[in-house]
Amino acid sequence: MHAISGGLLHGKRIMITGASSGIGAAAARLFTAEGASVVLMARRGKPLCQLAEDIAALGGRAVPVAGDVTSTDDVKRAVSAAVEFFGGLDAAFNNAGWGARGTDLHETDDAAYEQIMDVNVRGVWNCLRRQIPVMLEQRTGGTIVNTSSTAGIFATGALAPYVAAKHAVLGLTKAAAAEYGNRGIRVNALVVGTTRTELTEEALRSRPERPVASRAIQRRMADPTEVAQAAAWLCSDRSSFVTGGAVPVDGGCSAV
């Protein structure tokens, strides 16, 4: 997929977390094809660098920054890379997350709770705290998209801490949208349904008896690119009157 001259995200400088696979990697390919320059952040450096090389081979601009969103220093490095290499930050797709199906609440250990809350909630928190000051300093506004889930609006069968964490992502999204809307920064969340990613495949292998996407109107899993398309729209100027939203990309799961 080659870069599109004058594409949906032409000239945008965008940070993407969780970018080494799944939705994040699909977003990296799509955003650069639509004309954006991207900073890619994920814990796994090797696939991240390979993705950046693949994008460059197609004429796109991508800078890989290996790091963990639970680390404020790592997030700061990624945001600083956007400023250093591209001169600023116009948008961000805070997509990194972690969760699982499995044990009932009373059987879930503290380590699982802490990891889920750290990655999904603290990760978004760290990103917002580092991204927003850059956007404010530029005085040109910006747009931020956080990845939530259908687990952010009802219990899906995922671990209880994951359901709580994705509810918290929606809360952070709404609070940030309200606080910074009059300063030109829009903040939205994607309510993502079951998507074919490494994490989903792992969950299916561990609990094959649990049905997938059985509640959705479209009885299938999403392709990561379908979610990336929604994120691209929210990162673009075409969604200029949308903020504080919980935008469903769930095959109709939240409609029934």
Side-chain angles (χ1 to χ4, degrees), residues 1-69 73-96 123 126-128 130-147 184-188 190 197 223-240:
M1 189 182 292
H2 292 273
I4 301 171
S5 177
L8 180 67
L9 298 171
H10 179 71
K12 298 288 187 185
R13 302 159 297 184
I14 306 178
M15 173 178 167
I16 304 170
T17 69
S20 62
S21 65
I23 295 168
R29 295 186 183 96
L30 176 65
F31 288 13
T32 51
E34 290 288 352
S37 301
V38 297
V39 169
L40 308 177
M41 182 180 182
R43 289 181 295 110
R44 297 182 297 172
K46 187 174 181 180
L48 199 66
C49 290
Q50 183 60 59
L51 176 60
E53 290 176 10
D54 292 346
I55 288 170
L58 294 172
R61 301 178 70 199
V63 174
V65 180
D68 191 329
V69 293
D73 288 342
D74 285 0
V75 173
K76 183 179 180 179
R77 282 194 299 108
V79 173
S80 296
V83 176
E84 177 183 352
F85 287 95
F86 304 136
L89 185 68
D90 302 301
F93 183 27
N94 298 327
N95 170 70
N126 285 341
C127 288
L128 291 172
R130 295 299 184 183
Q131 293 157 354
I132 288 171
V134 173
M135 293 178 179
L136 290 175
E137 186 175 346
Q138 291 172 169
R139 300 184 183 277
T140 55
T143 179
I144 297 172
V145 181
N146 300 320
T147 297
I185 298 174
R186 297 186 295 109
V187 189
N188 291 285
L190 294 179
T197 65
D223 183 87
T225 302
E226 293 179 290
V227 181
Q229 291 281 3
W233 178 70
L234 287 172
C235 285
S236 79
D237 296 336
R238 295 184 192 176
S239 59
S240 57

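For this chain, numbers begin at 1 and follow the sequence in order.
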At their closest point, which heavy atom of [X] faces which heavy atom of [Y], and how far apart are they?
X: Met15; Y: Cys127; result: CE-SG, 4.3 Å
X: Ile144; Y: Asn146; result: CG2-OD1, 3.7 Å
X: Ala82; Y: Leu89; result: CB-CD1, 4.0 Å
X: Gly88; Y: Arg13; result: N-NH1, 3.3 Å
X: Val65; Y: Ala81; result: CG2-CB, 3.8 Å
X: Leu128; Y: Pro133; result: O-CD, 4.1 Å

Side-chain donor or acceptor of [X] paired with backbone N/O of [Y] under 3.5 Å:
X: Ser20; Y: Leu48; value: no
X: Thr17; Y: Ala96; value: yes
X: Arg186; Y: Ser239; value: yes

### side chain to side chain contact (heavy atoms under 4.5 Å, CB included) between Phe93 and Thr147, worked out
CA-CA 8 Å; Phe93 183 27; Thr147 297; 3.1 Å; yes
Distance check, rounded to the nearest 0.5 Å: [X] atom [atom1] versus [Y] atom [atom2]?
X: Asp68; Y: Met41; atom1: CG; atom2: CE; answer: 6.5 Å
X: Gln131; Y: Asp90; atom1: CD; atom2: CG; answer: 12.0 Å
X: His10; Y: Asp237; atom1: NE2; atom2: CG; answer: 11.5 Å
X: Ile55; Y: Thr32; atom1: CD1; atom2: OG1; answer: 4.0 Å
X: Trp233; Y: Leu190; atom1: CH2; atom2: CG; answer: 10.0 Å

#### Entry: With Ala232 via side chain to side chain contact (heavy atoms under 4.5 Å, CB included) - residues at least two apart
Leu8, Leu9, Leu30, Phe31
#### Entry: Val134/Val83 under side chain to side chain contact (heavy atoms under 4.5 Å, CB included): CA gap, chis, key distance, verdict
CA-CA 8 Å; Val134 173; Val83 176; 4.0 Å; yes
### Task
Might you work through the side chain to side chain contact (heavy atoms under 4.5 Å, CB included) test for Glu34 and Ser236, ending with a clear yes or no?
CA-CA 10 Å; Glu34 290 288 352; Ser236 79; over 6 Å; no
### Task
Take Arg29 and Asp54 through the test salt bridge (charged side-chain N to carboxylate O under 4.0 Å, His left out) and record every step on the way to the result.
CA-CA 9 Å; Arg29 295 186 183 96; Asp54 292 346; 5.0 Å; no
### Message
With salt bridge (charged side-chain N to carboxylate O under 4.0 Å, His left out) as the rule and sequence neighbours excluded, what pairs involving residues 74-89 come up?
### Response
Asp74-Arg77
### Message
Enumerate the salt bridge (charged side-chain N to carboxylate O under 4.0 Å, His left out) contacts for residues 225-234, please, sequence neighbours excluded, ordered by first and then second residue.
### Response
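Non-adjacent pairs meeting salt bridge (charged side-chain N to carboxylate O under 4.0 Å, His left out): Arg220-Glu226.
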